[in-house]
Amino acid sequence: MKKLNNIAVLTSGGDAPGMNAAVRAVVRTGIYHQLNVFGVMYGYRGILKNEIFPMESKSVANIIQRGGTILKTARCKEFYEYEGRKKAYENLKKHNIDGLIVIGGDGSFNGAQKFSQEFDIPCIGLPGTIDKDIAGTDSTIGFDTAVNTAIEAIDKIRDTADAHDRLFVIEVMGRDAGYIALHSGIATGAEHIMVPERKTELNDIIEELQANERRKKLVNLIVVAEGDETGGANEVARRIKESCPQLDTRVCILGHIQRGGSPSCTDRILASRMGYAAVDALLEGIHNVMIGIVNDKIHYTPLDKAVKAKQEIDPEWFKIVKILAS
Ligand SMILES: Nc1ncnc2c1ncn2[C@@H]1O[C@H](COP(=O)(O)OP(=O)(O)O)[C@@H](O)[C@H]1O
Ligand SMILES: O=P(O)(O)OC[C@H]1O[C@](O)(COP(=O)(O)O)[C@@H](O)[C@@H]1O
Ligand SMILES: [Mg+2]
């Protein structure tokens with residue numbers, strides 16, 4: 001097995017709370033094993049611009065509790081092309097990098113997969129995305145924090161909804177995945193949850209809202225994922241207002257607040273375990289996999305299998321929503 005000496009770490013795609021804790025774990029585990037650890041600024045763009053610098057233990061002091069990412073993040077068009085990836089390889093070679101750890105989402109893993117097939121630098125992926133839209137892990141770094149941010153906000157909306165007897169349509173993030181909507185909706189007692197994984201019959205919801213009105217249910221919360229096929233909260237509210245003009249309907253789009261803030265305990269621990277496991281994998285000669293945690297155990301998934309697949313959501317979840325909010 002080739003001896004590992006120099007590894008690099010970067011964050012790519014949408015940021016997620018806990019990415020800093022993962023960077024810290026990679027750096028400190030690498031140093032523990034006497035590796036030289038390099039940070040790359042701005043994801044793949046930073047490799048192309050040669051923004052690669054040595055990191056020490058103190059480079060990651062005081063970041064475990066911080067949201068965002070000290071390495072910054074970016075989306076990089078050039079990396080989609082072979083020429084871009086070749087330039088990236090040449091820059092990494094200038095620093096004798098022999099292992100790359102990519103903290104990001106499905107897009108970042110697609111890039112890492114291509115790169116590792118074309119060039120002799122093994123890559124390890126760590127799932128960092130609030131959407132939890134990645135196969136091969138029970139959760140992703142940032143999801144728990146984002147859901148907790150969403151429920152804190154929705155609880156506040158419930159207070160004012162209750163005061164005015166209003167219906168609120170609340171949009172949460174999730175470009176192609178409904179996990180933030182599903183979890184935050186159940187945790188706040190929403191009457192309806194709309195997600196891209198399941199076709200929503202808005203007419204059925206409207207009928208139920210009318211029935212709710214007959215039995216004097218005064219607060220109604222609908223949580224909709226931004227990627228739902230109906231087109232999001234504004235469109236849902238427009239259609240409800242059309243059919244139920246008697247309901248006092250309001251919209252709230254939570255937006256990027258869900259991406260920020262101090263990571264939860266769960267995300268800090270997930271990120272720390274995954275960062276540690278990523279360095280371990282490189283040292284063991286395990287290459288081109290994503291580190292996941294499944295049933296509380298470290299789990300490796302080949303990078304090409306870890307990419308976003310529309311996952312089935314068990315219909316029982318929706319039964320729970322219906323029964324508990326009735
Ligand atoms: N198919 C691909 N081939 C090569 N690089 C890719 C590919 N998909 C994404 N990337 C790289 O990964 C970056 C981040 O991907 P993106 O989908 O924006 O975010 P995320 O990783 O959060 O899903 C892109 O800007 C690009 O540089
Ligand atoms: O901040 P941007 O670039 O508008 O991206 C918004 C998207 O990023 C996310 O917050 C996270 O998605 P990724 O982790 O795949 O980047 C989505 O929920 C949202 O649709
Ligand atoms: Mg993505």
Side-chain angles (χ1 to χ4, degrees), residues 10-19 22 40-49 51 67-69 71-89 91 100-119 121 123-137 139-147 149-150 170-184 195-197 223-228 231-233 253-261 267 271 288 290 303-304 306-311:
L10 59 80
T11 49
S12 169
D15 62 300
M19 279 183 163
V40 180
M41 298 302 290
Y42 294 103
Y44 295 128
R45 191 175 92 196
I47 312 186
L48 293 169
K49 293 196 164 172
E51 290 184 70
T69 159
L71 294 179
K72 307 280 187 140
T73 186
R75 298 193 161 104
C76 170
K77 278 203 184 117
E78 277 175 278
F79 205 75
Y80 284 91
E81 309 300 328
Y82 175 80
E83 281 311 313
R85 295 193 293 273
K86 184 159 173 278
K87 192 167 153 202
Y89 175 72
N91 283 345
L100 176 65
I101 295 173
V102 173
I103 307 168
D106 60 314
S108 305
F109 296 162
N110 271 323
Q113 163 67 13
K114 284 191 186 159
F115 181 73
S116 61
Q117 293 296 301
E118 293 161 346
F119 304 102
I121 295 185
C123 296
I124 300 287
L126 296 189
T129 169
I130 62 165
D131 286 0
K132 199 167 91 73
D133 55 351
I134 293 176
T137 187
S139 193
T140 55
I141 298 166
F143 173 72
D144 182 70
T145 308
V147 164
T149 301
I170 301 150
E171 183 176 301
V172 297
M173 274 188 164
R175 200 169 11 201
D176 305 286
Y179 288 102
I180 298 178
L182 187 67
H183 285 237
S184 65
V195 297
E197 290 86 348
V223 176
V224 51
E226 63 170 325
D228 185 72
I253 297 176
L254 298 186
H256 285 81
I257 62 162
Q258 294 159 96
R259 282 243 295 265
D267 277 331
N288 309 330
M290 181 199 84
L303 281 174
D304 59 333
V307 293
K308 173 168 41 196
K310 235 181 215 174
Q311 291 168 38

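Every number for a ligand or one of its atoms is a count from 1 in the order of the listing.
- Of all heavy-atom pairs spanning I134 and M290, the tightest one is CG2-SD, 3.4 Å.
- Listed by chain and residue number, A181, P196 satisfy the side chain to side chain contact (heavy atoms under 4.5 Å, CB included) test with A225 (two or more places apart in sequence, or in another chain).
- Here the straight-line distance linking atom CZ of F115 with atom OG of S108 works out to 13.5 Å at 0.5 Å rounding.
- Applying the 4.0 Å criterion to heavy atoms of N110 picks out, from ligand 1, the atoms 1 (N), 2 (C), 7 (C), 8 (N).
- Taking only nitrogen or oxygen atoms, main chain and side chain alike, C76 reaches within less than 3.5 Å of ligand 1.
- Near T129, the atoms of ligand 2 lying under 4.0 angstrom from a non-hydrogen atom of the residue are 13 (P), 14 (O).
- In this comparison of R75, R175, Q258, E226, the heavy atom closest to atom 19 (C) of ligand 2 sits on E226.
- Close contacts between ligand 1 and G105 involve ligand atoms 20 (P), 21 (O), 22 (O), 23 (O) [criterion: under 4.0 Å to a heavy atom].
- A perpendicular orientation is assigned to the rings of H183 and F143, their planes being inclined by more than 60° (bins at 30° and 60°).
- The proximity of Y44 to ligand 1, defined as any non-hydrogen pair under 4.0 Å, is limited to the side chain.
- Between A88, G107, G111, it is G107 that holds the heavy atom closest to atom 9 (C) of ligand 1.
- Counting only non-hydrogen atoms, the option in F79, F115, Y80, F109 that gets closest to atom 2 (C) of ligand 1 is Y80.
- Taking any N or O of G174, backbone or side chain, at least one lies under 3.5 Å from an N or O belonging to ligand 2.
- Taking E78 as the reference, nothing meets the salt bridge (charged side-chain N to carboxylate O under 4.0 Å, His left out) condition, with sequence neighbours excluded.
- Using a 4.0 Å cut-off to heavy atoms of D106, the atoms of ligand 1 that qualify are 21 (O), 23 (O).
- At least one N/O/S atom of D106, whether from backbone or side chain, sits less than 2.8 Å from the Mg ion (ligand 3).
- The backbone N or O of G174 lies less than 3.5 Å from a partner atom in the side chain of E226, making a donor-acceptor pair.
- The nearest pair of heavy atoms linking A146 to Q258 is CB-O, 3.3 Å.
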Taking it one step at a time, do F119 and Y82 satisfy ring-ring contact (aromatic ring centres under 6.0 Å, His included)?
CA-CA 11 Å; F119 304 102; Y82 175 80; 5.8 Å; yes
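- Short contacts between ligand 2 and G14, defined as distances under 4.0 Å to a heavy atom of the residue, involve ligand atoms 16 (O).
- The shell of residues lying under 4.0 angstrom from ligand 1, judged by heavy atoms, excludes T129.
- To the nearest 0.5 angstrom, D304 atom CG is 12.0 Å from K114 atom NZ.
- T11 approaches T73 most closely through the heavy-atom pair O-OG1, 3.5 Å.
- Residue R75 holds the heavy atom nearest to atom 18 (O) of ligand 1 of all those in R45, E78, K114, R75.
- Residue contact check: G14 has heavy atoms under 4.0 Å from atoms 22 (O) of ligand 1.
- Within ligand 2, the atoms closer than 4.0 Å to a non-hydrogen atom of M173 are 10 (O), 18 (O), numbered from 1 in the order shown.
- When every heavy atom of S12 is checked against every heavy atom of L10, the shortest pair comes out as CB-CD1, 3.8 Å.
- Close approach of ligand 1 to S12 (heavy-atom distance below 4.0 Å) involves ligand atoms 13 (C), 14 (C).
- Checking S108, G128, G43, A16 against atom 14 (C) of ligand 1, the nearest heavy atom belongs to S108.
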